[in-house]
Amino acid sequence: MSVTRMSALFGRTLREAPADADSANHQLLLRSGLIVQLAAGVYSFLPPAWRTLLKIEQIIREEMEAAGSQEMRMPAIQPRELWEESGRADSYGPVLFNLKDRRDRTMVLAPTHEESVTDLFRKVVQSYRDMPQSVFQMQTKFRDEPRPRGGLVRVREFIMKDAYTFDVDDDAFQLNYLAMRQAYYNVFERCGVPVVAVQADSGAIGGKQSEEFIFLTEIGEDNIILCPSCAYAANQERAEFARGEAAGTDGALEEVETPGITTIEGLAEFLDIPAETTAKAAFFLVDGEPTFAVIRGDLEVNELKLMNALDASEIRSLLPEEVEKAGWVAGYASPISVDPVRVVADPSVVDAGGLVAGANREGFHLHNVTYGRDWTARTIADIGMAQPGDSCAQCGGDLEMHRGIELGHIFKLGTRYAEPMDATFLDSDGERRTPIMGCYGIGVERLMAAVVQANHDEQGIIWPRSVAPFDVHIVPLGGSGDVASAVSEVESALSGKGLNVLTDDREERAGVKFNDADLLGAPLRITIGARGLKQGQIELKLRWDAEATSVPLGDAVASAEDALASLDR
RNA sequence: CGGAGCGUGGCGCAGCUUGGUAGCGCACUUGACUGGGGGUCAAGAGGUCGCCGGUUCAAAUCCGGCCGCUCCGACCA
């Protein structure tokens, strides 16, 4: 394919990583001279990095096409009205980069393209005969993230592969969805990154169900709940878990003095009872409404679940003065005598029998507080936060929690966009119907970061063959004419075989060249030195291997191809 | 947005407490020696000390404001 000379390569390696870099992949990407930061969450990609990104894109492209999707391109600049039409101008609000054109019209830089693809659909598709449809693009997205972090993991400008499907009904949709799902597994496999698909919250994209493709790594920013006994896997945002046996008591309400006891922990100790036999109250402002959430004392409220249970879009903790204004006594709050309209109860307190709860009066609690008899809630919903050690809702196994990076996310959108934007088609029975949509995203640079994170050692990157910027890194040693001609011969032969070659033609010492070769991480290193050449030998070393092997100069190309082929297994 | 920290040459850092010629390592340039895992010696180039204002005879250093970047949290496909 090509030969690149290190002396001419745009970019330089660094011995020390910039202090800003925390994770291994971020440090290595910076040290190897692949990326350079311009602003918070905004990076340049130098030639080798760009080559890897193109390779990743090509893998994605091939898998998307295999799944029956067609590549296309939509604009990054969009009129804000489009977002008002779908109702996301506000909900997506702060993340949108806004700008004005010369006529003072407000435009946005697109953070995602559900709106524009839905608009396209309604302009292009009229009939069920035109369905199903599946399209995708690789395109730069802009998101003014509240906090960019982790190098390429969370940035404000990035390439996303986003795909969209349109189907006549749920059954048809399922086919598209499963094809995409398989394509995602294929993409990550081919890029050398292990992933697990987990149930997820669909967040600002909306829709009914979604799955994230997670690369498990301690540097990840998502908490993933996994069951080692069965296949259950979910983002902690929505993970379910078993509540265990009801532990409550029977009996009449009975007040008990609990001076200064305002925490569940303190209460359990003071009364010498397990936290499982208490009820905890937590106060939130949900879409502007003060909300009283009740859950078993040993559990925590999952705010996202609570928000979803109320079909709301905003939630935060209630401020102390707001708690007081609502007439609730922090530390001693009781669901008794609270307007049930305000109350959301977790199943853990509904089925539990009598629990110890606040008396709604400073310094007192109540025994035997029983749902149904003493209080009720308008909404009963799973609002509990799954924690490691909880029991799996499917099989009872002990749940584990791991950190992970979300590399891809696939959504069942239903009619979330088509309906408000009035996108319809005429079905075979002459009825006008709304298409069932799906959308499917992959963060391309984030995937590159994951590739490095999953494939490196102390010395540097170890690129999987499939996405390596260079297949072969040639290290000439010694300045003799023999070395130069052997290098020239080998590099052009390899290049003629379709390989990308990087030759370190700099006047550096061997140690420098070897260290840079390890850092840059080409799968195969070929050392051509004056010493070996006297015996007609050159050396081959796979980046994964500790030792090099000598082969005759004449066998260089064949041996190199064999060595590289061995990586593909 | 709340909390913490940092901004001094390309990278990593010291100097700031106690104001007085801006330093060290790496990298870079030239030369010599060296030559298979970041070598040695010599001579160099390179800095509005983030920005603006104030105090002072004098500010990298003290004071005020602002900007930028990182981390934790909130938030977020």
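It should be emphasised that the depicted structure is a prediction, and the values quoted were computed from it without experimental measurement. Here is the naming used below: chain letters follow the sequence lines, and residue numbers restart at 1 for every chain.
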Salt bridge (charged side-chain N to carboxylate O under 4.0 Å, His left out) against A:D167, all qualifying residues, sequence neighbours excluded: none
Criterion side chain to side chain donor-acceptor pair (under 3.5 Å) on A:N186 and A:Q182, from CA distance to verdict: CA-CA 6 Å; A:N186 296 347; A:Q182 185 57 51; 3.0 Å; yes
Distance, P atom - from B:C62 to B:A45, rounded to whole angstrom: 31 Å
Atom-pair distance (CZ on A:F514; P on B:G37), nearest Å: 7 Å
Polar side chain donor-acceptor pair, A:Q139 to A:D162, under 3.5 angstrom: no
Separation between the P atoms of B:C57 and B:G65, rounded to whole Å: 24 Å
Can you tabulate the close N/O pairs, meaning under 3.5 Å, that link protein atoms to atoms of nucleotides 41-45 of chain B?
none

Toward the 5' end of RNA chain B, by each residue's nearest nucleotide, A:D518 or A:L14: A:L14
Between P of B:A74 and CG of A:L304, the distance in whole Å: 12 Å
Ring-ring centroid check A:Y185 A:F213, cutoff 6.0 Å: yes
Closest contact, heavy atoms only, A:G220 versus A:R403: O-NE, 3.0 Å
Atom CD of A:E65 with >12 non-hydrogen neighbours under 6.0 angstrom: yes
Heavy-atom neighbours of A:Q174 CD exceed 12 at 6.0 Å: yes
Exercise: do A:S134 and A:S69 side chains pair donor with acceptor under 3.5 Å: yes
d(CD1, A:I474; C1', B:G36) in whole Å: 17 Å
Spacing of A:E157 atom CD relative to B:C76 atom P, expressed in whole Å: 22 Å
Test item: side-chain donor near acceptor, A:E547 and A:T549, under 3.5 Å: no
Separation between the P atoms of B:A58 and B:G20, rounded to whole Å: 14 Å
Identify each donor-acceptor pair in which a side-chain atom of residues 529-540 of chain A lies under 3.5 Å from a protein atom, sequence neighbours left out, and give them as a table.
none

Between B:C26 and B:G39 - P atom distance, rounded Å: 9 Å
Closest listed nucleotide, where the reference is the side chain of A:R149 and the choices are B:C11, B:C75, B:G37: B:C75
A:S480 and A:D482: side chain donor to acceptor below 3.5 Å: no
Strand partner of B:G36, provided both Watson-Crick or wobble distances fall under 3.5 Å: none
Complementary nucleotide for B:G9 - Watson-Crick or wobble, under 3.5 Å: none
For A:P435 against A:T415, the heavy-atom pair lying closest together: O-CG2, 3.8 Å
Candidate nucleotides B:G37, B:G38, B:C72, ranked by approach to the side chain of A:V512 - the nearest: B:G38
Same-atom distance (C1') from B:U34 to B:U17, integer angstrom: 47 Å
Salt bridge (charged side-chain N to carboxylate O under 4.0 Å, His left out) pairs, two or more places apart, involving residues 213-222 of chain A: A:R149-A:E221, A:R154-A:E221
Interatomic distance at C1', B:G73 relative to B:C13, whole Å: 29 Å
Enclosure of A:I77 CD1 (heavy-atom neighbours >12, cutoff 6.0 Å): no
Nucleotide-resolved protein contact map, nucleotides 24-35 of chain B, B/S/- at heavy-atom distance under 4.0 Å: -BSSS-----BS
Of A:A19 and A:P146, the one whose closest RNA chain B nucleotide lies more 5': A:A19
Plane angle bin for A:Y177 and A:Y440 - parallel if under 30°, tilted between 30 and 60°, otherwise perpendicular: tilted
Within residues 190-199 of chain A or reaching into it, pairs that qualify as salt bridge (charged side-chain N to carboxylate O under 4.0 Å, His left out) - sequence neighbours excluded: A:E62-A:R190, A:E63-A:R190
Pairwise P distance, B:C11 and B:U18 [rounded to whole Å]: 31 Å
Let me check something: any side-chain donor-acceptor pairs from residues 454-461 of chain A under 3.5 Å, sequence neighbours excluded? List them with distances.
residue	atom	partner	partner atom	Å
A:N455	ND2	A:G192	O	3.2
A:N455	ND2	A:V451	O	2.7
A:H456	ND1	A:V452	O	3.2
A:H456	ND1	A:Q453	O	3.0
A:D457	OD1	A:Q459	N	2.8
A:D457	OD1	A:G460	N	3.1
A:D457	OD1	A:R543	NH2	2.8
A:D457	OD2	A:R543	NH1	3.0

Side chain to side chain contact (heavy atoms under 4.5 Å, CB included) against A:A19, all qualifying residues, sequence neighbours excluded: none
Stepwise side chain to side chain donor-acceptor pair (under 3.5 Å) test for A:T503 and A:D505: CA-CA 6 Å; A:T503 299; A:D505 59 336; over 6 Å; no
Spacing of A:L477 atom CG relative to B:G39 atom P, expressed in whole Å: 15 Å
Members of residues 522-533 of chain A that approach RNA chain B, where some heavy atom sits under 4.0 Å away: A:R525, A:T527, A:G529, A:R531, A:G532
A:R156 side chain vs A:A40 backbone, donor-acceptor pair below 3.5 Å: yes
Look for any protein N or O under 3.5 Å of an N or O in nucleotides 2-8 of chain B and output each such pair with its distance, or none.
none

RNA chain B-proximal residues of residues 23-46 of chain A, any heavy atom under 4.0 Å: A:R31, A:Q37, A:A39, A:A40
Length of the line joining A:L285:CG and B:C1:C1', which is rounded to integer Å: 16 Å
Residues within residues 534-546 of chain A bordering RNA chain B, heavy-atom distance below 4.0 Å: A:E539
Distance in angstrom units between A:Q236 CD and B:C76 P, rounded: 15 Å
From B:C76, B:C75, B:G37, nucleotide with atom closest to A:E145 side chain: B:C76
Pairwise C1' distance for B:C49 and B:U8, with rounding to whole Å: 4 Å
A:E71 atom CD: more than 12 heavy-atom contacts under 6.0 Å: yes
Length of the line joining A:R154:CZ and B:C76:P, which is rounded to integer Å: 10 Å
